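Input: a single structure, listed below in structure tokens.
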Amino acid sequence: MSVSPVGVPSVNQPMCPSRLVLEHVTSRWGVLVLAALLERSYRFGELRRTVGGVSEKMLAQTLQTLERDGFVHRDAKPVIPPRVDYSLTPLGREAAEQVWGLARWTERRLEAVERARETYDGARSLSAPGPGGQG
């Protein structure tokens with residue numbers, strides 16, 4: 001059970017606003033955008049190519065959310081054609097380093113996770129009930 005003093009954020013509390021921030025930085029696209037921006041600043045199209053598989057709409061939404069939360073800086077230059085660069089703020093760099101560590105860990109431990117899944121799935125298929133619910 002999680003008990004926190006009044007006014008102190010605790011992600012274990014159902015109405016804690018930190019849950020929404022956690023959701024933003026650990027979302028599928030949030031992690032990948034933050035990780036890419038750790039390398040350098042990007043223009044929208046470059047970032048979309050770097051973060052493979054993200055749609056234009058999802059990337060725009062993710063960048064807007066991360067900008068609102070103070071993690072991403074959007075630098076729109078008044079030139080023709082328009083040029084917009086995205087980079088991390090100091091707060092964004094801090095968050096990106098945290099989630100990038102988790103992302104790298106998942107890459108390193110993927111084989112162990114796959115073995116665990118195979119073991120689990122094998123055990124479940126052996127104990128699955130037969131036709132009519134009989135085990």
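Since we're looking at a predicted model, the values are computed, not measured. FYI, the numbering just counts along the sequence from 1.
Val11 and Val25 sit in two unconnected hydrophobic clusters of ILVMFWY residues. Membership requires side-chain heavy atoms under 4.5 Å apart, directly or through other members. Note: the hydrophobic cluster containing Phe71 also contains Val84 (ILVMFWY, side chain heavy atoms under 4.5 Å, direct or indirect links). Follow the hydrophobic side-chain contacts under 4.5 Å out from Leu22 and you never reach Leu66; the two are in separate clusters. Note on Trp100 and Leu102: separate hydrophobic clusters, where clusters join Ile, Leu, Val, Met, Phe, Trp and Tyr whose side-chain heavy atoms are under 4.5 Å apart, directly or indirectly.
Rounded to the nearest 0.5 Å, atoms CZ (Arg49) and CZ (Arg43) are 9.5 Å apart. Interatomic distance, His24 NE2 to Arg68 CZ, rounded to the nearest 0.5 Å: 7.5 Å.
Remark: Arg40 is positioned above the aromatic ring of Tyr42, its terminal NZ or CZ atom under 6.0 angstrom from the ring centre and at most 45 degrees off the axis.
With Val33 as reference, Leu63 is the one residue of Leu63, Thr50, Leu38, Thr65 to meet the side chain to side chain contact (heavy atoms under 4.5 Å, CB included) rule.
A salt bridge links Arg104 with Glu107: the distance from a Lys NZ or Arg NE/NH1/NH2 to an Asp or Glu carboxylate oxygen falls below 4.0 Å.
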Pair Val54-Leu32, side chain to side chain contact (heavy atoms under 4.5 Å, CB included): steps then yes or no:
CA-CA 10 Å; Val54 66; Leu32 298 174; over 6 Å; no
Please determine whether side chain to side chain contact (heavy atoms under 4.5 Å, CB included) holds for the pair Leu34 and Gln98, giving the CA-CA distance in whole Å, both sets of side-chain angles, and the decisive distance to 0.1 Å.
CA-CA 10 Å; Leu34 289 169; Gln98 297 297 316; over 6 Å; no
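In plain terms, the two heavy atoms of Leu47 and Ala36 that are nearest each other are CD1-CB, 3.7 Å. The minimum heavy-atom distance between Arg19 and Gln13, with the atom names listed, is NE-O, 3.2 Å.
Other residues, nucleotides and ligands contribute more than 12 heavy atoms inside 6.0 Å of the CD atom of Glu46. Surrounding CD of Glu97 are more than 12 heavy atoms belonging to other residues, nucleotides or ligands, all under 6.0 Å away. Around NZ of Lys77, the count of heavy atoms belonging to other residues, nucleotides or ligands within 6.0 Å exceeds 12.
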